[in-house]
Amino acid sequence: MLKSFKATKLQILFKLILPANIGNLINIIKINIGMAWVGVIVGEFLVSRNGIGYLIVYGSQVFKLDIVMMGVFVLAVCAWIMYEIVNIIEKLYKNYR
């Protein structure tokens, strides 16, 4: 219908496609938050000299389970906070609509 009214591709994108898919995009973001953190930590496992991933590897090398568990706990808390932020955004969007 938009094409019959001579809408441009940019107008079709912003007026039809994005508004129809905001819910899907929010769900995808919620799923990928954890995967993104895992990717960051694995990258730190391999090449970092500081950070949460480095602490986890260092703690496992010197047999300090408290350092390893604290790194995992901090990782979980960061992912949970980001997930809750996206949850709040989703609720605001649903109330706005």
Calculate, to the nearest 0.5 Å, the distance between atoms [atom1] and [atom2] belonging to [X] and [Y] respectively.
| X | Y | atom1 | atom2 | result |
| --- | --- | --- | --- | --- |
| I17 | L10 | CD1 | CG | 10.5 Å |
| N21 | I26 | CG | CD1 | 11.0 Å |
| W37 | N32 | CH2 | CG | 14.5 Å |
| F45 | S60 | CZ | OG | 7.5 Å |
| F5 | I12 | CZ | CD1 | 12.5 Å |
| T8 | K3 | OG1 | NZ | 11.5 Å |

Quiz item: CZ of F73: more than 12 outside heavy atoms within 6.0 angstrom?
Solution: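 Open: at most 12 neighbouring heavy atoms sit under 6.0 Å from CZ of F73.
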
Quiz item: More than 12 heavy atoms of other residues, nucleotides or ligands under 6.0 Å from CG of D66: is that the case?
Solution: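 Result for CG/D66: enclosed.
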
Do [X] and [Y] sit in the same hydrophobic cluster, where Ile, Leu, Val, Met, Phe, Trp and Tyr count as joined when their side-chain heavy atoms come under 4.5 Å apart?
| X | Y | result |
| --- | --- | --- |
| I67 | M69 | no |
| V74 | V77 | yes |
| Y54 | V40 | no |
| L18 | M1 | no |
| V38 | I28 | no |

Exercise. Side-chain contact test, heavy atoms from C-beta onward, threshold under 4.5 Å: evaluate it for M70 versus L55 and give yes or no.
Key: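 Side chain of M70 against side chain of L55, heavy atoms only: no contact under 4.5 Å found.
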
Exercise. Kindly indicate whether the side chain of N27, heavy atoms from C-beta on, has any atom under 4.5 Å from the side chain of E90.
Key: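 Yes, their side chains come closer than 4.5 Å.
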
Self-check item: Check: I81 main-chain N/O paired with E84 side-chain donor or acceptor under 3.5 Å
Solution: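 No, E84 side chain to I81 backbone: no donor-acceptor pair under 3.5 Å.
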
Quiz item: Quick one: which of V57, I52, I56 gives a side-chain contact (heavy atoms from CB on, under 4.5 Å) with E44?
Solution: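 The side-chain contact (heavy atoms from CB on, under 4.5 Å) with E44 is passed solely by I52 among V57, I52, I56.
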
Quiz item: Quick one: side chain to side chain contact (heavy atoms under 4.5 Å, CB included) partners of I31, sequence neighbours excluded?
Solution: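 Listed in chain order: M35.
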
